[in-house]
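Written out below as C-alpha cells is the structure these notes cover.
All values below come from the heavy atoms of this structure, side chains included, with hydrogens, waters and symmetry mates left out.
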2 protein chains.
Amino acid sequence: MDISNSSVKIPKHLKDLPKFYSGVEKLLIAVDCIIFGFDKNNLKLLLFKRKVQPFKDNWTLIGSFVRKGENLDQAAKRILYEATGLSEVLLKQLFCYGRTDRDPGDRVISIAYYALIPLIEDDECTNGEYKAQWFEVDNAPSLILDHNEMVFSARKKLCENAKYEPIGFELLPQKFTLPQLRLLYEALFQRKLDRRNFSKKILSMDILEKLDEKDKSTSTKGANLYRFDELKYKDKLENGFYFKI
Amino acid sequence: MDISNSSVKIPKHLKDLPKFYSGVEKLLIAVDCIIFGFDKNNLKLLLFKRKVQPFKDNWTLIGSFVRKGENLDQAAKRILYEATGLSEVLLKQLFCYGRTDRDPGDRVISIAYYALIPLIEDDECTNGEYKAQWFEVDNAPSLILDHNEMVFSARKKLCENAKYEPIGFELLPQKFTLPQLRLLYEALFQRKLDRRNFSKKILSMDILEKLDEKDKSTSTKGANLYRFDELKYKDKLENGFYFKI
DNA sequence: TCAAAAGTGTTCAAGTTACACCCATGT
DNA sequence: ACATGGGTGTAACTTGAACACTTTTGA
C-alpha cells in the first residue's frame, strides 16, 4: 500500500488563495502530558499546580494550547521541555479528548501524550515556572477536568505497550541492573515476576549489553549493570525479531 | 485509582462568566472515518468522491468538521450515518493528525476513527449524497491529504485489535460460518490459518452459539451457522476471561 | 460415485512456569 | 561464618503447530 502523504499534489494556483472552509467554527486545541517516572519500586507521575483559572492552584497534568504553526508532537515536546528541561524523551500520542463539557473554561479538544523520563528531582522540574511534584501513580491526588481519566488510560496503555516494545528502558538510567528492570516491569504489570525466568527471557532477546560494572547499592555481591543496545535492537527488528516480555 | 471525571467541582460562580482562554488561537477540527467491510475473501474500504475544494472529485475518506456542541464520538457517528445510513456500528478512535501543513485548505486537526460494518451494497451507501464505492484495501486508489497514512495505520490497528477483542464479528452478518470467520481473520492477518486449529481455538472460547442452520452456498455438505453470543462474552469477561486469536 | 468443502482427533515442538542450588561479599 | 541479594539450570506443564481421515451431498 502507498502510504506516501498523497499522490495528489497541491495545485500551484491554490497556494496563495484565501483559506477554504470559511464559516466553520474553530475550537481550542490543547496537548496534555502524562509524565511517568520510576523510582526503586514505584511508577510515578509528575503533577503540577495549575497557574490559571479555572481551577487555579489545583493539581493538574501539564499542558498547553497548540500554537499556530506548531505540530502536535512539537507541542508535546515543547510542553515537556518547559516543564522538565528534558528534550530527548519518549513521547507518545495516546488519545484525543473532546467532550463538549470537559472544560468549563471553554470548549477545548485535548490530545493526551505520555512521556517516559528517567526520574529527576522535583526541584529540577520546576524550571522556576511550575510547582512540580512526583506522586506514586496509585497514590496521586485527584486532578482537574478529565485528567484522572487520562492518567488511567495512559497507565493502561503504557502497560500494554511495555509488553511489546522496549520502552521500559526509557524509565531507567542508561545503566541499570536486571533486578531494577524487573522491579520496573513488576510495577508496570502490578504483579510479581519470577527473578530467574525474567533474566532468562530478557537476556535471551540479546538486546542488552552487559557492562563491566556492578551496582553494589542493593547487595553485598552487587548486581551487574547493563545497557539497552538500541542499535542492536533496531537491527534485529529488521530481521523479523520482535520484543515481548 | 479514581477515574471519576473530577473531584473538583465547577464552582457555581464560574458558570455564567465569559469564557476563559481568550486570545488563544482556535483551529478547525475534523473527524475522518476509515470504513472497513469484508466480502468473501477481502478486507474492503469504503471511499468517497470529494465534493468540495480543494481536491474536489478526488477519492477521499469520509469526514466532516466537528460541530459546536458535538462530541467527537457523536461526530463520527453522524458522519457514518450520513454516509451509510447505519447507526449501530463499531466506531473506534484511532489517532489525531495535526501536522500544520496536512491540509492546504487551512490548518485542520483531524481525528481518525475506524468503523467496522457488515458489507452493504455501494448504492445503499450513497444516500443520494455521496458517490461511495468499496475497494479492496490493498487495491484502493490513492487518497487526498494524509488519508493514505490514516488507512495504513487503521489497518494495522484493526489487525492488532482483532487479536485481543472479538471485533471481527462486526464485519460479518449476524449469522456466519466458521470458514467465513476464518477467511476474515486470514484477510486481517494476511496469512493462512489452519482450518482445524482455528475451529478448535474459537470454539474452545465458548462465545459462539451454534445455530440449527446451515449455509450451503459454498459447499454441498453445507457449513454450520454460528452467532456471536455477546452476553456470554461479557459475562466471561467479568470472570477474568480474555479473547485471544 | 465422486469431487469438494466441512468436521473432528492426535502427535510433536516450543514456550512458559515452577522451583533449588551455588556465588560473592560486607559485616 | 553468615546473612543477603544475585546468578544460573532443570523438570513439568501448557500452548500452539502440523497433520490425516471421515462425513455430507449436489452434480
Here the distance between atom P of D:dA18 and atom CG of B:L193, to the nearest Å, is 11 Å
Which part of the nucleic acid, if any, lies within reach of B:K216 when heavy atoms closer than 4.0 Å are counted: base, sugar-phosphate only, or nothing? sugar-phosphate
Exercise. If the plane angle is over 60° it's perpendicular, under 30° parallel, otherwise tilted; pick one for B:F189 and B:Y185.
Key: tilted
On DNA chain D, more 5' by nearest nucleotide between A:R182 and B:R191 is A:R182
note: A:L178, atom CG; C:dC23, atom P; distance rounded to Å ~ 20 Å
**Message:** Can you say whether a donor on the side chain of B:K221 sits under 3.5 Å from an acceptor on the base of D:dT25, or the other way round?
**Reply:** no
Between NZ of B:K40 and P of C:dA5 the distance, given in whole Å, is 15 Å
When rounded to whole Å, the CG to C1' distance for the pair A:D215 and C:dT25 reads 14 Å
Closest to the side chain of A:L203, out of D:dC19, D:dT8, C:dC19, is D:dT8
Does some side-chain heavy atom of B:L91 sit less than 4.5 Å from a side-chain heavy atom of B:K77? yes
Atom NZ of A:K244 and atom P of C:dT17 are separated, to the nearest Å, by 8 Å
The residue, B:D194 or B:P179, whose nearest nucleotide of DNA chain C is more 5′ is B:P179
Between CG of A:N197 and P of D:dT14 the distance, given in whole Å, is 15 Å
Using 30° and 60° as the class boundaries, would you call the ring planes of B:F228 and B:Y233 parallel, tilted or perpendicular? tilted
Any donor-acceptor pair under 3.5 Å joining the side chain of A:K214 to the base of C:dT25?
no
When rounded to whole Å, the CZ to P distance for the pair A:F198 and D:dT8 reads 14 Å
Ranking B:R195 and A:R195 by the position along DNA chain D of their nearest nucleotide, the one closer to 5' is A:R195
Which of A:I34, A:D73, A:L80, A:I79 passes side chain to side chain contact (heavy atoms under 4.5 Å, CB included) with A:Y113? It is A:D73
Report task. Please state whether the phosphate of C:dA6, meaning OP1 or OP2, lies under 4.0 angstrom from any side-chain nitrogen or oxygen of B:T218. Result -> yes
- Message: Counting distance alone, no hydrogens or angles: does the base of C:dA6 have a donor or acceptor under 3.5 Å from a partner atom on the side chain of B:N224?
- Response: no
Whether the side chain of B:Q180 engages the backbone of B:T177 through a donor-acceptor N/O pair (distance < 3.5 Å, no angle test) should be reported. yes
Atom NZ of A:K200 and atom P of C:dG15 are separated, to the nearest Å, by 12 Å
Winner on side-chain proximity to A:K201, out of C:dA6, D:dG6, C:dT16, is C:dT16
| request: Can you check whether any acceptor in the base of D:dA20 is under 3.5 Å from a donor in the side chain of B:R196, or vice versa? | output: yes
Exercise for the section: Would you mind classifying the nucleic acid contact of B:T220 as base, sugar-phosphate or nothing, using non-hydrogen atoms under 4.0 angstrom? Expected result: base
